[in-house]
There are 2 protein chains.
Amino acid sequence: MIRVLLAEDQHLVRGALSALLSLEEDITVVAGVADGAAAVAAAAEHRPDVVLLDIEMPVMDGITATARILSEVPTARVLILTTFGRPGYLRRAMDAGASGFVVKDTEPERLADAVRKVRAGQVVVDPDLAVASLERGQDPLTERERQILRAAEHGDTVADLAKRLCLSEGTVRNHLSSAIGKTGARNRAEAARTARENGWL
Amino acid sequence: MIRVLLAEDQHLVRGALSALLSLEEDITVVAGVADGAAAVAAAAEHRPDVVLLDIEMPVMDGITATARILSEVPTARVLILTTFGRPGYLRRAMDAGASGFVVKDTEPERLADAVRKVRAGQVVVDPDLAVASLERGQDPLTERERQILRAAEHGDTVADLAKRLCLSEGTVRNHLSSAIGKTGARNRAEAARTARENGWL
DNA sequence: ACCGGGGCATGACATCTGTCATGCCCCGAT
DNA sequence: ATCGGGGCATGACAGATGTCATGCCCCGGT
């Protein structure tokens, strides 16, 4: 019997995935949680065989949770299950120690297979996504540039960003300019967009 | 037996929801499709009692599909099931003739209830969302302004927008300025953001 | 000890953006 | 018939934005 912990913030989707997995003879869902921090706690308590983790979650994202869980429960395997097949997500998830990466658009039948394979020590990754991840290379942005792009997504002005990050306006403009250059964009919005699409934010 | 048609673009989520609904004694999922156009076709073919429709779907969105389905199969009831509880979505869905509106964060147990209530002719709406919808009022934007905001989200420059929409740059700036004023924003990015959050795009 | 990269800052400059006034056309409502 | 709203356009202007050069500090690698 494979014991699975399910972390997914949308309650209804979590319940539905639980129902789907419970149809399998050899799989039990031992717990379901709504954020990464709860996933770490639940993993320590239930010591599941496989942790199914969404990436976009409140409180703590799935990638950070992956690292925490594996350090506390080394016997567990982490299978990332996310909406967006962003190359940067895949890379960061694997770096954090995940054993698999499945997007929510795959056939339902494959989910149980992925869980079994991951449990058996195999690595499960969508081939197309792996290629995309290698092609696009890794994140060229510095930490500051990521911060500023994240903040710029909301439509804040340079003055706002400067205040929030306690920097001079000139410095903010410099970082923005640098990020725009590195992403090949033509303004901050486009830069934020491409960075987001690549999973760099 | 309540016959349900399921329209949801993420294959895995669709399968999971199907599994969840199939646990109920009185509910059968007669078909599952991945976009609005397919939903219209499947509704005509299967004539389901209830159509569960996601909003964000390729080819045709769930709100457009709602109107089409109801005109072709007036006996069907439409229950919108979506990730985002945007006020504008709710209003547009109800205007299109939907009988219910459920966000993906509700408790799994409530889904079957909602299906049954909708089948029985009742209207199912999250009370908080209904209040938010009334408070925020309806879309103040003109069609052009929506178009331009949608395009501006990608980070395009004024010149790009002008070319794509076959307008002069000055006109694009006027529409942008007007949209920025109506949304109470301080630049195009913020305007696009608030418009998106309210479900106006 | 030296070098390079990242972070921070300033100042100057060209360009882009947002605003406003003005005017034209079309259409539906009064 | 007139009025008002939406769409379209132009021109002008202030302020925001993106670029660039320059310089300082700190740190890790050689």
Side-chain angles (χ1 to χ4, degrees), chain A residues 88 91-92 95 136-201, chain B residues 88 91-92 95 136-201:
Chain A
R91 172 179 292 265
R92 278 155 56 199
D95 286 349
R136 302 223 193 172
Q138 83 267 40
D139 188 352
L141 302 173
T142 68
E143 179 53 30
R144 268 300 187 199
E145 287 157 1
R146 273 190 295 274
Q147 271 182 37
I148 291 183
L149 276 191
R150 266 192 294 264
E153 280 191 306
H154 305 316
D156 289 354
T157 159
V158 170
D160 294 337
L161 301 181
K163 254 175 235 159
R164 182 170 319 158
L165 301 174
C166 297
L167 294 177
S168 90
E169 299 196 7
T171 301
V172 170
R173 285 216 291 274
N174 285 340
H175 286 304
L176 275 174
S177 182
S178 167
I180 291 168
K182 286 178 181 175
T183 52
R186 292 206 310 303
N187 53 52
R188 67 181 69 181
E190 207 174 86
R193 209 183 134 70
T194 32
R196 174 66 65 188
E197 273 176 3
N198 283 324
W200 295 338
L201 299 187
Chain B
R91 172 179 291 266
R92 277 156 55 198
D95 286 351
R136 303 223 192 172
Q138 83 268 40
D139 187 352
L141 302 174
T142 67
E143 179 52 32
R144 268 301 187 198
E145 287 158 2
R146 273 191 294 275
Q147 271 183 36
I148 291 184
L149 276 190
R150 267 191 293 266
E153 279 190 306
H154 306 316
D156 289 355
T157 160
V158 171
D160 294 336
L161 301 181
K163 255 176 234 157
R164 182 169 323 158
L165 301 174
C166 297
L167 294 177
S168 91
E169 299 196 7
T171 301
V172 171
R173 285 216 292 274
N174 286 340
H175 286 305
L176 275 174
S177 182
S178 166
I180 290 169
K182 286 178 181 174
T183 53
R186 292 204 311 305
N187 54 53
R188 66 182 69 181
E190 208 174 87
R193 210 184 133 69
T194 32
R196 174 67 65 189
E197 274 177 2
N198 284 324
W200 295 338
L201 300 186

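Just so we're on the same page: letters track the sequence lines, and every chain starts at 1.
- Partners of E197(A) according to the salt bridge (Lys or Arg N to Asp or Glu O under 4.0 Å) rule, which considers only residues two or more places apart in sequence or in another chain, are R193(A).
- Residues meeting the side-chain hydrogen bond (donor to acceptor under 3.5 Å, both in side chains) test with N187(A), sequence neighbours left out: none.
- Residues meeting the side-chain hydrogen bond (donor to acceptor under 3.5 Å, both in side chains) test with S178(A), sequence neighbours left out: E145(A).
- Direction change of the helix axis from one end of the helix from dA1(C)-dT30(D) to dT30(C)-dA1(D) to the other is 30°, with five pairs defining each end axis (rounded to 10°).
- Listed by chain and number, the residues in a side-chain contact (heavy atoms from CB on, under 4.5 Å) with A195(A) are L141(A), L149(A), W200(A), L201(A) (sequence neighbours excluded).
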Identify each donor-acceptor pair in which a side-chain atom of residues 158-170 of chain A lies under 3.5 Å from a protein atom, sequence neighbours left out, and give them as a table.
unit_1  : atom_1 : unit_2  : atom_2 : d
D160(A) : OD2    : T157(A) : N      : 3.3
D160(A) : OD2    : R186(B) : NH2    : 2.3
R164(A) : NH1    : D156(A) : OD2    : 3.0
R164(A) : NH2    : D156(A) : OD2    : 2.6
S168(A) : OG     : G170(A) : N      : 3.3
S168(A) : OG     : T171(A) : N      : 3.1
S168(A) : OG     : T171(A) : OG1    : 3.1

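- Partners of S177(A) by side-chain hydrogen bond (donor to acceptor under 3.5 Å, both in side chains), not counting sequence neighbours: none found.
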key: Per-nucleotide protein contact string for nucleotides 6-21 of chain C (B base, S sugar-phosphate only, - none; heavy atom under 4.0 Å)   = SSSBB-B----BBBB-
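- With sequence neighbours left out, R196(A) forms a salt bridge (Lys or Arg N to Asp or Glu O under 4.0 Å) with E153(A).
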